[in-house]
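Each chain gets a letter, A, B and so on, in the order its sequence line appears, and its residues count up from 1.
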There are 2 protein chains.
Amino acid sequence: MAKDKLSERQSEILNFIRTFQHESGYPPTIRQIGESVGISSTSVVNYNLNKLEKGGYLTRDLKVSRGLRLAHGPDALGGLGDVLRIPLVGRIFASAPVPVPGAATSFAPDEAIEITRSLVKDPENLFALQVRGDSMIDAMVNDGDIVVMRRQEQARNGEMVAVWLNEREETTLKHFFLENGRVRLQPANPTMGPIYADPANVRVQGKVVLVLRQMK
Amino acid sequence: MAKDKLSERQSEILNFIRTFQHESGYPPTIRQIGESVGISSTSVVNYNLNKLEKGGYLTRDLKVSRGLRLAHGPDALGGLGDVLRIPLVGRIFASAPVPVPGAATSFAPDEAIEITRSLVKDPENLFALQVRGDSMIDAMVNDGDIVVMRRQEQARNGEMVAVWLNEREETTLKHFFLENGRVRLQPANPTMGPIYADPANVRVQGKVVLVLRQMK
DNA sequence: CGATATATAGAACAATTGTTCTATCAAGGA
DNA sequence: TCCTTGATAGAACAATTGTTCTATATATCG
């Protein structure tokens, strides 16, 4: 059972939650819902909320006060349609590998940047890093710049990736090319030459999808 | 006392609230805030929240669990409305002045880029240009990059501006410094030296506020 | 009819959560 | 030096709030 049609009461509940959330900035309590809909018993509200959750109309967080949110539907609360919030997971500099966030890790970064979805084609697996130092100027990336990356271990020819070079023990941002069994890493700065490396010594850590430089 | 500058802790708190609200759909509790920022005492969190409310950064509803919301600012509860649509008015290259859009001109560009308001501090008089050619690599700006500029004829020291140099007949992006009656234009690339010019021969066309580079 | 599922009420409970009070410590000012 | 202010900690308290349990009524189905 997924989407049953709503009872009159359940519609009222949804409606009230929507209004309350909009006006208060946070969801109502069970008792507030009951009061607005004319239910004296908290258990009945709870009962209906569970129904609504089963129906996919909202999500609940158990044991959490006001722990519910409307499903992202026609006019969901957040409405964050075209704004992506990308975790700023750390710094990137030449002398250390990229701090790639773990796959299933539900980390909670206290910092994040927001960009419009239109700036990237695929919003999956993105994270952001701030560049530390001048070591990546050959990638046209300056101290303080923010690079948005997608986590991936494989690179296709021509993509700009962050790689860790075992031999040199450094992280660098380069355009990646696999040619005749060796890797050519081409700086973005057209005035500079490529470096070559053995594929075994190159570890791709992510693909650069966006570089942001904010001026003071 | 209205708008004091925030302490490090208070910034963290605001940041956490923003992130939490975004991810959960409702605000955090006092104890959740304390935990995330590293405060063991609920009274200290309460203390800082009151400070923040006095400063106008958020609103609180007394005696209400999770009863706080961020002030309608950079990204208030909804998060919507903080997307700026910036007209892409043309190309910028070395051999021509910047195509600055007219002041009151209500032009209707067919192209535009969208960015979140949080990426710029003042959303007034912005326009965007796409860089053509490799002539601005000394400004760490590559062919294809998009520069977002604010229209202005005056520059303050240290700002990165687009200037037209009468003598050389070229447009360039440099950090601007007025020193002892002459203009020093400093490339963003720290490995390159400045050029000097007579103020009469330097025409500031706009201030660079953001550089965007999208990777294929 | 009897059985089962649905919807509702009321009450009690336990956990969550905001508030308040006292105390400590450092930095200035009088 | 003493006193005030700002910032922090800890604990205790009281209100809020989600959960659970029992009970009742109504319907539907065999």
**OP:** Verify the neighbour count for atom CD of B:Glu179: are there more than 12 heavy atoms of other residues, nucleotides or ligands below 6.0 Å?
**Re:**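 For B:Glu179, atom CD is crowded (more than 12 foreign heavy atoms under 6.0 Å).
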Original post:
Would you find more than 12 non-hydrogen atoms of other residues, nucleotides or ligands less than 6.0 Å from B:Glu35 atom CD?
Top reply: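 No, because the 6.0 Å sphere around CD of B:Glu35 holds 12 heavy atoms or fewer from other groups.
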Original post:
Are the charged groups of B:Arg60 and B:Glu53 less than 4.0 angstrom apart, N to O?
Top reply: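 No.
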Subject >> A:Asp143/A:Arg132 ion pair, N-O < 4.0 Å >> reply: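 Yes, A:Asp143 and A:Arg132 are salt-bridged.
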Original post:
Which nucleotides of nucleotides 20-25 of chain D have their base under 4.0 Å from a protein heavy atom (B), which only their sugar-phosphate (S), and which neither (-), written as one string 5' to 3'?
Top reply: BB----
To the nearest angstrom, how far is [X] atom [atom1] from [N] atom [atom2]?
X: A:Gln32; N: D:dT17; atom1: CD; atom2: P; result: 6 Å
X: B:Leu58; N: C:dG18; atom1: CG; atom2: P; result: 13 Å
X: B:Asn48; N: C:dT19; atom1: CG; atom2: P; result: 14 Å
X: A:Ile30; N: D:dA15; atom1: CD1; atom2: P; result: 21 Å
X: B:Asn50; N: D:dT8; atom1: CG; atom2: P; result: 13 Å
X: A:Phe20; N: D:dT17; atom1: CZ; atom2: C1'; result: 13 Å
X: B:Gln10; N: D:dT8; atom1: CD; atom2: C1'; result: 13 Å
X: B:Arg31; N: D:dT17; atom1: CZ; atom2: P; result: 14 Å

Original post:
Toward the 5' end of DNA chain D, which comes first, B:Gly38 or B:Ser65, by nearest nucleotide?
Top reply: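 The residue whose closest nucleotide sits nearer the 5' end is B:Gly38.
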Subject >> Distance below 4.0 Å between B:Lys51 side-chain N/O and D:dG6 OP1 or OP2 >> reply: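 It does not, given that no N or O in the side chain of B:Lys51 lies less than 4.0 Å from OP1 or OP2 of D:dG6.
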Original post:
According to a strict under-4.0 Å criterion, is B:Arg9 in side-chain N/O contact with OP1 or OP2 of D:dA7?
Top reply: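 So the side-chain polar atoms of B:Arg9 never come under 4.0 Å of the phosphate oxygens OP1 or OP2 of D:dA7.
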Original post:
Nearest to the side chain of B:Ile39, which nucleotide is it out of C:dA7, D:dT17, D:dA9?
Top reply: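 Given the options C:dA7, D:dT17, D:dA9, the side chain of B:Ile39 is closest to D:dA9.
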**OP:** Could you work out which one of D:dT17, D:dT8, C:dG18 sits closest to the side chain of B:Tyr47?
**Re:**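 Taking heavy atoms from C-beta onward, the closest nucleotide is D:dT8.
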**OP:** For a side chain to side chain donor-acceptor pair (under 3.5 Å) with B:Gln152, tell me which candidate from B:Glu159, B:Gln205, B:Lys207 qualifies.
**Re:**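 That would be B:Glu159.
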Subject >> From CA spacing to verdict: side-chain contact (heavy atoms from CB on, under 4.5 Å), B:Val148, B:Leu119 >> reply: CA-CA 11 Å; B:Val148 176; B:Leu119 292 178; over 6 Å; no
Original post:
Quick one: is the NZ or CZ of A:Arg66 closer than 6.0 Å to the six-membered ring centre of B:Tyr26, and within 45° of its axis?
Top reply: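 Judged by the rule, A:Arg66 and B:Tyr26 form no cation-pi pair.
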